[in-house]
**Student:** 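Quick one: the structure is below, questions incoming.
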Amino acid sequence: MPELPEVENARQVVEKALDRTISDIDDHDEYECRPHRPGEIKHALVGGRLTAAHRRGKAMWCETETADGAEGPTLGIHLGMGGRVIVTAPEGEDSSDYGGGNAKIGVRKKDKPEWTRFSMSFDDGGQLRLFDKRRLGRVRLEPDIDALGPDAAEITREEFRSMIAASKAPLKARLLDQNAIAGIGNLLADEVLWQTSLSPSRRSNSLSESDADELRRVLRRCTRSAIRKGGVHTGEIIPYRNADSNCPRCGAPMKRGTVGGRTTWFCSKEQG
DNA sequence: ACTCGTGTTAGCTG
DNA sequence: TCAGCTAACACGAG
């Protein structure tokens with residue numbers, strides 16, 4: 001699930017964990033906490049607290065403060081292919097606004113306790129947990145955020161134009177390149193390309209400036225809409241990403257291919 | 001049993 | 001040299 005909109009919703013959940021004293025951390029999962037050794041993250045953060053939650057593209061990170069009030073290491077959280085963050089309320093407090101009961105971002109019925117790959121306990125009895133059955137998510141100290149391109153929801157028109165013009169890779173592959181523009185995943189890429197009727201395999205630098213401007217407008221609109229509705233799966237073309245579907249705009253069959261190494265669905269007529 | 005996948009990245013290639 | 005591509009990652013779901 002996690003593309004930019006899901007991660008933004010997760011970031012808002014993490015804000016519920018700010019300014020609560022960290023009493024314990026379980027960081028024993030060797031995959032999720034790579035490259036750290038078990039106990040390393042725990043040692044760095046116990047006694048301190050998270051003071052701010054940020055996001056760029058699909059990457060999240062928290063600023064921290066140590067027990068004596070000094071600046072602590074940043075804590076990066078990446079959800080990978082299927083991670084979710086859960087923050088529970090202080091013991092005895094109403095949990096209704098903590099996201100814990102929200103199936104879109106919180107606990108789901110089929111979740112197994114062992115899919116909790118990382119957890120942080122607070123001295124108020126609450127917890128921050130990372131749920132990730134596939135273990136492609138990551139929790140790490142001092143993540144490199146600067147390597148990412150501009151956030152897809154914030155990128156300026158000039159930045160977007162030059163990013164598009166700077167590569168001859170297939171357009172969809174360019175949109176998926178997190179170092180060029182951060183936050184677009186496979187579904188959001190299919191959605192914006194269908195909305196603009198642009199071919200996924202067209203060379204990125206073959207777009208005109210007005211094509212690029214239109215693509216950026218649609219990208220911003222789809223991103224905002226997905227954040228509001230709860231995720232990229234709420235996109236218009238997503239239900240039509242299968243072999244039996246026809247383009248809801250022109251009626252031609254939807255077609256499956258591979259672009260940028262990812263399954264790609266597009267209108268065989270309008271995006272051919 | 002076997003294939004697929006809403007993300008990232010090391011390592012290969014032209 | 002380096003942009004671009006592929007396979008691998010880990011593991012549940014269909």
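The analysis underlying the following values was restricted to heavy atoms, covering all of them including side chains, and did not include hydrogens, waters or symmetry mates. Residue numbering restarts at 1 for every chain, and letters A, B, ... go by the order of the sequence lines.
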**Student:** Please give, in whole Å, the distance from C:dG12 C1' to A:E114 CD?
**Tutor:**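 From A:E114 CD to C:dG12 C1': 12 Å.
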**Student:** Using only modelled atom types and a 3.5 angstrom limit, is any donor from either the side chain of A:R262 or the base of B:dG7 paired with an acceptor on the other?
**Tutor:**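 Side chain to base: pair present.
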**Student:** Assess the side chains of A:Q271 and A:S197: does a donor N or O sit below 3.5 Å from an acceptor N or O?
**Tutor:**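 Side chains of A:Q271 and A:S197: no pair found under 3.5 Å.
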**Student:** For a quick check of understanding: with a heavy-atom distance under 4.0 Å over all strands, which category does A:G185 fall into, base, sugar-phosphate or nothing?
**Tutor:**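 Sugar-phosphate contact only.
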**Student:** Check the distance between B:dG5's P and A:I238's CD1 and give it to me in whole angstrom.
**Tutor:**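 Value for this atom pair: 14 Å.
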**Student:** For C:dG4, does either OP1 or OP2 sit under 4.0 Å from a side-chain N or O belonging to A:S167?
**Tutor:**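 Yes, such a contact exists.
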**Student:** If only side-chain N and O atoms count, and only distance matters, is there a donor-acceptor pair under 3.5 Å linking A:D213 with A:S210?
**Tutor:**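 No pair is found: no donor N or O on one side chain lies under 3.5 Å from an acceptor on the other.
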**Student:** Would you mind reading off the distance between A:I145 atom CD1 and B:dT8 atom P, rounded to a whole angstrom?
**Tutor:**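 Taking atom P of B:dT8 as the reference, CD1 of A:I145 is at 12 Å.
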**Student:** What distance, rounded to whole Å, do you find between the two P atoms, one in B:dT9 and one in C:dT1?
**Tutor:**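 Looking at atom P only, B:dT9 and C:dT1 are 24 Å apart.
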**Student:** When you measure from the side-chain N and O atoms of A:H78 to the phosphate of B:dG7, is any distance below 4.0 Å, counting only OP1 and OP2?
**Tutor:**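 No, no such contact exists.
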**Student:** Flag the pair A:R135 and A:E32 as a salt bridge only when some basic side-chain nitrogen lies within less than 4.0 angstrom of an acidic carboxylate oxygen.
**Tutor:**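 Salt bridge: no.
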**Student:** When you look at NE2 of A:H43, are more than 12 heavy atoms from neighbouring residues, nucleotides or ligands closer to it than 6.0 Å?
**Tutor:**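 Incorrect, the count does not exceed 12.
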**Student:** Taking 4.0 angstrom as the limit, do A:D151 and A:R56 come out as a salt bridge?
**Tutor:**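 No, no charged N to carboxylate O under 4.0 Å.
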**Student:** Once hydrogens and angles are ignored, does a donor-acceptor distance under 3.5 Å link the base of C:dA10 to the side chain of A:R134?
**Tutor:**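 Such a pair is found, so the answer is yes.
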**Student:** So, does A:Q178 get its side chain near the phosphate of B:dT8, meaning an N or O under 4.0 Å from OP1 or OP2?
**Tutor:**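 So the side chain of A:Q178 is within the cut-off, an N or O lying under 4.0 Å from OP1 or OP2 of B:dT8.
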**Student:** Once you round it to whole Å, what is the distance between P of C:dA3 and CZ of A:R203?
**Tutor:**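 Distance, rounded to whole Å: 15 Å.
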**Student:** Between atom CG in A:D177 and atom C1' in C:dT6, what is the gap in whole Å?
**Tutor:**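 Distance, rounded to whole Å: 15 Å.
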**Student:** Would you indicate what A:R140 reaches in the nucleic acid, counting non-hydrogen atoms under 4.0 angstrom: base, sugar-phosphate, or nothing?
**Tutor:**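 No contact at all - A:R140 keeps every heavy atom at 4.0 Å or more from the nucleic acid.
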**Student:** Nearest of C:dC5, C:dA10, B:dG7 to any side-chain atom of A:R34?
**Tutor:**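 The closest nucleotide is C:dA10.
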**Student:** Between atom CH2 in A:W265 and atom C1' in B:dC4, what is the gap in whole Å?
**Tutor:**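 Taking atom C1' of B:dC4 as the reference, CH2 of A:W265 is at 13 Å.
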**Student:** When you get a sec, tell me which of B:dG7, C:dG4, C:dA13 is the closest nucleotide to the side chain of A:K58?
**Tutor:**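 From the listed options, B:dG7 comes nearest.
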**Student:** Report the base-pairing partner of C:dA10 (Watson-Crick or G-U wobble, both distances below 3.5 angstrom), or none.
**Tutor:**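 Paired with C:dA10, as far as the under-3.5 Å criterion goes, is no nucleotide at all.
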**Student:** Ignoring the backbone of A:T263, work out which of C:dC5, B:dG5, C:dA13 is nearest its side chain.
**Tutor:**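 Output: B:dG5.
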**Student:** Roughly how many Å is it from CZ in A:R135 to P in C:dC11, rounded to a whole number?
**Tutor:**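 In whole Å, C:dC11 P and A:R135 CZ are 4 Å from each other.
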**Student:** Counting side-chain heavy atoms from CB outward, which of B:dG5, C:dG4, C:dA10 is closest to A:K168?
**Tutor:**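 The answer is C:dG4.
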**Student:** Take atom CZ of A:R174 and atom P of C:dG4, then tell me their distance rounded to the nearest Å.
**Tutor:**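 It works out to 7 Å between those atoms.
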**Student:** Taking atom P in both B:dG11 and C:dA10, compute the distance separating them and give it to the nearest angstrom.
**Tutor:**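 That atom pair is separated by 15 Å.
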**Student:** Distance to the ring centre below 6.0 angstrom and angle to the axis at most 45 degrees; does that hold for A:R249 and A:W194?
**Tutor:**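 Yes, cation above the ring, under 6.0 Å and within 45°.
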